[in-house]
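In what follows, chains are A, B, ... by sequence order, proteins preceding strands, each numbered from 1. What you see below is based on every heavy atom in this structure, not just the backbone, and it leaves out hydrogens, waters and symmetry mates.
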Protein chains: 2
Amino acid sequence: MNRRSFHRAPEGERRQELIEATLDCISEFGLKGATVRQIAIRAGVTAGLVRHYFESKDQMVAEAYRAVIASLTEKASKVEGDPETRLRDFIAINLTEPVADSRSISLWAAFISQVRVDPVLSEIHREGYLAFRNSLQELLADFLATKGKPADAETCRAFAIAINGLVDGLWVEGCLAGDLFREGELVAIAMSSVEALLGTSIGTAKQ
Amino acid sequence: MNRRSFHRAPEGERRQELIEATLDCISEFGLKGATVRQIAIRAGVTAGLVRHYFESKDQMVAEAYRAVIASLTEKASKVEGDPETRLRDFIAINLTEPVADSRSISLWAAFISQVRVDPVLSEIHREGYLAFRNSLQELLADFLATKGKPADAETCRAFAIAINGLVDGLWVEGCLAGDLFREGELVAIAMSSVEALLGTSIGTAKQ
DNA sequence: GCAGCTATTATTCAAGCGTATAATAATACG
DNA sequence: CGTATTATTATACGCTTGAATAATAGCTGC
């Protein structure tokens, strides 16, 4: 009657592992397949432990969604340098790995499909989306200002919506069927499209 | 010991009702919540009937996905008139109801999240996506030709990818947070963006 | 108007779900 | 080094799930 041996994880670490295991399971088996037991196996613990760290499975899944949004936005939100560089980096980061890969969109889609169903997820989503678009809008305002172009709020809003849509749409295409595109093709198309939209070079001209 | 009374549905009709009920449940309760019993209730029959029309629940769900793709593509694929009109209609149709609404994206996202998991859904997805983009690419080729612009395959491909991304991305934005946009705003942004991308008017200039 | 066919209902089943509880192994502390 | 604490395991419970089966009600053709 021997029990499994185990080690007690340091502060907060096990929590993080469980969230990561949750995302692994969702991306591999879908929301349906992400059962408490599967998640526990993935995390290398037993199922009961989930309820030691979370009030319920639903709460754990909600925190996992927060983690997804964070991973999709954090890299793009900490671009640095002059506005032109930041704009280029913003586009490139969102359209290359690890932001653009099939795991990301599986997770994103799984949660989006629940946003209408679950008010908790809905609130998490809304916060994340607005923050993302607002930071793009500010970036565009800075960029247009340095180019001496009109940068009133209404103009920036329209550009932010269009470019956000373009980048999101290309992100989806790339994630779902990356093999249909050549290396760097999506980024190149995005760059020249943004130049056409804004009517300004963003420093990507061929030498 | 009275049984419920019922009526025998005419050829194929019940099948269609079950598929529609499946989509209703997925959009309202998510893939998890779309159980055989819920679907049967929605269709006004008992659960056992599902297996009289489909080999398994999974097969019914796969056919429901085919129906979703059809409803998302059929309206846009049968635009008529000269190329310029067709291009304008293509954009408008994809960014207004019924194609752009929260139910559509719930369904789309639910299935997309399973594409990585389920090879059957994956194949259905790939067919639908390629058909959609190819028809857009042909439309663009026609349009550019009438405008006397270069319309070689490579150019059309790049434009199709960009415009498909733009429209898809705006579609997602509109579906997820339609209340953040003014009436007709997304369509207007899409129209002027496409004009900027192609470097050509598409007949939407304000008079 | 009745005989036969089958679409539909009703019931049952094993498997898997999230959760609750109790036992116990690993650590921290005096 | 012994003892208290708690993170972790192990097990069990009630419920829901997709599916299989048997009974039957509604149609169709004669």
Enquirer: Please tell me if A:His7 has a side-chain N or O lying less than 4.0 Å from either OP1 or OP2 of C:dA26.
Expert: no
Enquirer: Take atom CZ of B:Arg3 and atom C1' of C:dT6, then tell me their distance rounded to the nearest Å.
Expert: 13 Å
Enquirer: Taking 4.0 Å as the cut-off, does a side-chain nitrogen or oxygen of B:Arg4 come that near to OP1 or OP2 on C:dT9?
Expert: yes
Enquirer: Let me know the distance between CG of A:Leu31 and P of C:dG18, rounded to the nearest Å.
Expert: 11 Å
Enquirer: Does B:Arg14 or B:Arg37 map to a spot on DNA chain C nearer the 5' end, using the closest nucleotide for each?
Expert: B:Arg14
Enquirer: Under 4.0 angstrom, heavy atoms only, what part of the nucleic acid is A:Val45 near: base, sugar-phosphate, or nothing?
Expert: sugar-phosphate
Enquirer: Grab the NZ-P distance between B:Lys57 and D:dT17 for me, whole Å please.
Expert: 9 Å
Enquirer: Let me spell it out: for each of B:Lys32 and B:Ser5, pick the nucleotide of DNA chain D with the closest heavy atom. Which residue's pick is nearer the 5' end?
Expert: B:Lys32
Enquirer: Please tell me whether A:Tyr129 and B:Glu173 have a donor and an acceptor in their side chains that are separated by less than 3.5 angstrom.
Expert: yes
Enquirer: Between A:Arg8 and A:Glu13, is there a side-chain N and carboxylate O pair less than 4.0 Å apart?
Expert: no
Enquirer: Are OP1 or OP2 of D:dG18 and a side-chain N or O of B:Arg51 less than 4.0 angstrom apart?
Expert: no
Enquirer: Expressed as a whole number of angstroms, how long is the span from A:Glu13:CD to D:dA7:P?
Expert: 14 Å
Enquirer: Between B:Glu195 and B:Lys147, does any NZ, NE, NH1 or NH2 come within less than 4.0 Å of an OD or OE carboxylate oxygen?
Expert: no
Enquirer: Quick check on D:dT8: is either OP1 or OP2 less than 4.0 Å from any side-chain nitrogen or oxygen of A:His52?
Expert: no
Enquirer: What is the separation between atom CD on A:Glu17 and atom C1' on D:dT8, rounded to the nearest whole Å?
Expert: 13 Å
Enquirer: May I ask you to test the A:Phe90-A:Leu95 pair for a side-chain heavy-atom distance under 4.5 Å?
Expert: no
Enquirer: Answer yes or no: is there an ion pair linking A:Glu63 with A:Arg15, defined by an N-O contact shorter than 4.0 Å?
Expert: yes
Enquirer: Indicate whether OP1 or OP2 belonging to C:dC17 is found under 4.0 Å from a side-chain N or O atom of A:Thr35.
Expert: yes
Enquirer: In terms of the nearest nucleotide of DNA chain C, which residue is placed more toward the 5' end: B:Arg8 or B:Leu49?
Expert: B:Arg8
Enquirer: Output the rounded distance in Å from CD1 (A:Ile41) to P (D:dA10).
Expert: 13 Å
Enquirer: Have a look at A:Ala47 and say if it touches a base, only the backbone sugar-phosphate, or nothing, with a 4.0 Å heavy-atom cut-off.
Expert: nothing
Enquirer: Find the distance B:Leu18:CG to C:dT8:C1' and express it as a whole number of Å.
Expert: 11 Å
Enquirer: Nearest whole Å is fine: how far is D:dT8 P from A:Phe6 CZ?
Expert: 7 Å
